[in-house]
Each structure stands twice: as structure tokens, then as C-alpha cells.
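Labels below follow one simple rule: chain letters A, B, ... track the order of the sequence lines, proteins then strands, and each chain is numbered from 1.
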Number of protein chains: 2
Amino acid sequence: MTQAGAKSPISNPTSTQAVTTADRVFEQIQYAIVEGHIPPGSKISEPELARQYQISRSTLREALNRLEKCHLIHRKANVGSRVVECTVQGLLEIYLVREALEGMACRLAAISMTDQEIADLQAVLDTHGNSQSVQQGVAYYQEEGDLDFHYRVIKGSHNQQLINILCSELYHLVRMYRCQFGMNSPRASRAFHEHQAILSAIADRDGELAEMLMRRHIAASRKNIENKLQQEGRD
Amino acid sequence: MTQAGAKSPISNPTSTQAVTTADRVFEQIQYAIVEGHIPPGSKISEPELARQYQISRSTLREALNRLEKCHLIHRKANVGSRVVECTVQGLLEIYLVREALEGMACRLAAISMTDQEIADLQAVLDTHGNSQSVQQGVAYYQEEGDLDFHYRVIKGSHNQQLINILCSELYHLVRMYRCQFGMNSPRASRAFHEHQAILSAIADRDGELAEMLMRRHIAASRKNIENKLQQEGRD
DNA sequence: CCCGTTAATATTGTCGACAATTATTGTCGA
DNA sequence: TCGACAATAATTGTCGACAATATTAACGGG
């Protein structure tokens, strides 16, 4: 289930009910950064943002702390906050971290996922496969489907540290890069088949194979991006 | 220079000079949690701690935010903060994360470390080897040496995301577990030889081997702890 | 005697103001 | 004209107080 909710087609996905106003503002700014409305590398003016969101600076700073936990901004003492830059190198660094962590998550998922979880994930994959062959707007759905697949495998590891790092601390940074570099799922169908192979390995309870396949899957994405961006750099 | 200062011989290696008072208090509380002076699972009273450290609640909350970034406390909205629990499962989870991340770091280190960095690390290993054969108090030095070795390899990856996650966000949690479970380097000499083998692979620029050796090295520690703690549980 | 409801208490979230530090601008001299 | 220094302005860090929420205690009914 995507979190976007019914409120607005595009606007911020205030899904996880934000109980406090700092939470709400955090989600709004997070969305603005990910979508690029606050451009990468730009300085964050606390008074200005506080006025913009009609909150106190204390509350804003609480929100900034959470943005920092997501690696979306950097803070320096007595200097201020800046939105992170989106560099090619930074993107590749994240993919390497994902390769390591999601590979491990996949290995653990092969051990820890329940039969029910596996069946549910297979159903999700089937749905994506059908909608992919039917729909034209493959890119968006595939993107969502990709995130959904990875998300479920990570959760399937039942390792709280892994889940926290990947789903809470790195997730939005990955989304930011996807938005900034306009990655519209260049290798949709191949990725789909790779997902299927990974899930099969998990269903076979073959942790080693599952890890290897997930690592190759992510490494392939990385290399694909690497080539694409280097090629663009040559233009 | 550590601000905790002469109080304790082992004092915290948080040498980055804290420029703001929130930083200073953060380091002090962090040290207190790691050493167990604030016991795991205990609730954190903001007014009490603020009075204890003679600072305002706002400043304390800033410090708490950084403690949360280190995964040393958990916060719940409108409820408060608690020091994390130290469970066997939690410890094993961290080791699995380390296995994945430090394995990748090691692979990258084999590519990115400069000859000078490798030579320096070799010198460190030699020092540890000598002091180990000379000294009786092997445990402490080996522990420090272990942390130092891993720290340098991680830095050698030259991957900022990896470095940040391992050296800033997980480092103190690892230290906390070591203190809480009293892990006094049970396999010192074996670990030393494993370190040497890892460094050799790095020096040979063999990333694949280096990753595999590092993963085995950490997995061996994990299994060692696993056995030990299960054995204790049987007493 | 136990349990649900309600009042009292304590804790957390939010606010605006002041202090300390940094960035900017204007001025002077070479 | 350029660079260094000083005064100004702006921004960040810190503080204490108030509002909103959760926890605890008291109370009454069953």
C-alpha cells in the first residue's frame, strides 16, 4: 500500500500519522527536499522556514533534527543547515551501501520470512507483472513496485537494525536521488524478472543464493546508472 | 583531548572537540550510557537530567536528539525517552549489520586505500603484535587495537555513507554492548592473525577476498558470542 | 473487593526572547 | 584597485514559561 493517501494526488504523503506538529512539518519539508522544491545544496534559513510554516524556531529545529537523521540535511555548529548535494559519487556510495545491507537483508529474509509473507509478496509481484503488461504508464508503477518489493524483503529480514537503517534513515535519500536524477526505471522488465528470481530463492530458503541475487540486482542498477551518467557527462 | 578527562583511564575517545554545550552534554550522557551508569532500559527524565547537568531542557533535548541518532535511546512522542535495552538478539542483529557493511567497506578499502594508509595500518598491526607478546594485559589493548583496526579499514573505504553509518551511528552502540556484556576479547590472538590476513588481501588489492575474510572475521565473533551467551543462559 | 471513570499531577511539546557566534558591509590604508 | 580591519547585521544556541498530552491517584458504582 502506497502511503500517498487520498487527500491530494501529489502533495505530501502524510501517511504515518504525525502526532506532533514537528512531525508534520518534518514530513512536509522532507517532501519538499525530495521533490526538489528546496534545491540540493541550498542553505536553510531557520527564521524564514519557521515563518513559512507558521511555527516556532524550536519546533522547526526539532524537524531539522529528524531531517538530519534521514541524511537529507547537514548541520554545522554555529553555521547552519544545508540541504545535501546530489553528486554522482554520492549516489554510487548509497548503492554500495544498499548492495551490502539489502544483500544481508535478503539472506536473513530467506531464513525469517513466514510462508504467509512470502505468499503475499508473490501476490504483489504477480500484480505488478499484470499491470505492467496491461498499462502503458509502466515507469511509475514499476518504480513504486520496485520500492515496494525491496521494502518488503527488508522487513522480511526481521532485523530491526537493518529495517531502521534502510527504511527510516536511507529511504528518503534514495527517493531524493531518484527524483533529482529523473530515474524513470530504465530497466523495468529486467528488474521484474530479477525480483522474481530473488523471491524464488527466498521461497527455497536459500539464503546464500538470495543474497547473491539481490547484490547483483542492486549492483546492476548501480552500473546502469554509472554508465548512463558518465555518458551524459560526455554530451 | 577527551573532555571526560582524567576521570577514567579508558575514557571516551570522543576527541572531536565539542564546540557547543549540547555537544558536550551529549558526549557526557553518551559516555554514561555506554559505561552503564545510566542503565539500559531506564527512562530518561528530561527535567531531572537538565537539572543534573545544569542546562536548560531545550539544550538537553538537543543532546537527546544526537543520542537518538546513535541509537542509544528511543523516543516516543508525548511519552519520553528510554535508554535502549541490551538484548542478545539486539547484539546479534548489530553483528549481522556490521558483517554486511564492514565487508563492503573492506572490499572498497582494497580498491581505495592509498599505499601510505596501508603501510600505516601495517605499522599499527605490528605494534599490536609486539605489545601483545610483551604485555600481560592483552585484553584491553587487543580491544582497543580491534576497534582501531576496524576503524581504519572503514575509513579506508573512502565511502562517506559507510563511514558515517559505522563510525558515527553504530560505533557507540557497539561499545555499549561490549561494556554491558563484558566482552573482554575472548579470541585475541586468533583475531590478530585474522586482521593480518585481511590487511594482506587489501595490500594485494584483492577486494573480493578482503570482503570475504572480513565477513568471516565478524561472523566468527558473532558465533563466538552466540555460543558463549547461550551457554551462560544454560547455567 | 474489583473495575471503570474522573480529577490531579507530572511530563512532554511549543513558544517567544535573549546571548553568543558568525557573516556581511563599510572604511581605511597601502 | 586591492586587501585588511572594524562595526554592523543576521543567524544560531540557549533559556525560562506556557500549553497539550500522558500518567497517576482518588473516587464511586457494581
Side-chain angles (χ1 to χ4, degrees), chain A residues 12 14-33 38-85 168, chain B residues 1 3 14 16-33 38-85 168:
Chain A
N12 61 356
T14 314
S15 66
T16 50
Q17 64 269 22
V19 344
T20 183
T21 68
D23 280 320
R24 183 175 47 80
V25 174
F26 157 67
E27 290 182 358
Q28 290 177 352
I29 301 178
Q30 173 202 96
Y31 181 79
I33 290 178
I38 304 178
S42 61
K43 180 152 177 13
I44 286 184
S45 165
E46 291 184 3
E48 184 183 326
L49 268 192
R51 205 167 50 244
Q52 191 169 331
Y53 286 96
Q54 313 241 17
I55 57 175
S56 167
R57 258 187 64 225
S58 311
T59 305
L60 178 77
R61 280 163 69 83
E62 181 70 31
L64 292 184
N65 271 314
R66 300 185 200 183
L67 289 171
E68 197 185 13
K69 282 208 313 179
C70 298
H71 305 167
L72 289 178
I73 68 173
H74 279 337
R75 296 181 66 190
K76 274 195 178 122
N78 288 317
V79 173
S81 311
R82 301 193 84 90
V83 179
V84 294
E85 303 268 3
S168 297
Chain B
M1 194 155 321
Q3 95 303 1
T14 312
T16 52
Q17 67 265 24
V19 27
T20 184
T21 67
D23 280 321
R24 182 174 48 80
V25 173
F26 157 68
E27 291 181 358
Q28 290 178 352
I29 301 179
Q30 173 203 95
Y31 182 78
I33 290 178
I38 304 177
S42 60
K43 181 154 178 11
I44 287 184
S45 166
E46 291 184 4
E48 184 184 327
L49 267 193
R51 204 167 48 244
Q52 192 168 332
Y53 287 96
Q54 314 241 16
I55 58 174
S56 167
R57 257 188 64 226
S58 311
T59 305
L60 179 75
R61 282 162 68 85
E62 181 71 31
L64 292 184
N65 271 314
R66 302 187 199 181
L67 289 170
E68 196 183 14
K69 283 206 313 178
C70 297
H71 304 164
L72 289 178
I73 68 173
H74 278 340
R75 295 180 66 189
K76 275 196 176 123
N78 287 318
V79 172
S81 311
R82 302 193 81 90
V83 179
V84 295
E85 303 267 3
S168 297

Sugar-phosphate, base or nothing in reach of B/T59, heavy atoms under 4.0 Å: sugar-phosphate
Distance test, side-chain N/O of B/R75 to OP1/OP2 of C/dG13, below 4.0 Å: yes
Nearest-angstrom distance from the residue atom CD of A/E68 to P of D/dT12: 14 Å
Sugar-phosphate only, base, or nothing, as touched by B/L64 at under 4.0 Å among non-hydrogen atoms: nothing
Sugar-phosphate only, base, or nothing, as touched by B/L60 at under 4.0 Å among non-hydrogen atoms: nothing
Donor-acceptor pair present, B/S58 side chain and D/dG16 base, under 3.5 Å: yes
Rounded interatomic separation in angstrom, taking CD1 from B/I73 and P from C/dT12: 11 Å
Rounded distance (nearest 0.5 Å) linking atom CG of A/L64 with atom CG of A/L72: 11.0 Å
Separation of A/I29 CD1 from A/I73 CD1 (nearest 0.5 Å): 8.0 Å
Nearest-nucleotide 5' precedence on DNA chain C, A/I55 against A/N78: A/I55
DNA chain C: stems of at least 3 consecutive Watson-Crick or G-U pairs whose donor-acceptor distances fall under 3.5 Å: C:1-30 with D:1-30
Side-chain heavy atoms of B/I44 within contact of B/V83, under 4.5 Å: yes
Listed nucleotide nearest any side-chain atom of B/V79, set C/dC15, D/dT14, D/dA22: D/dA22
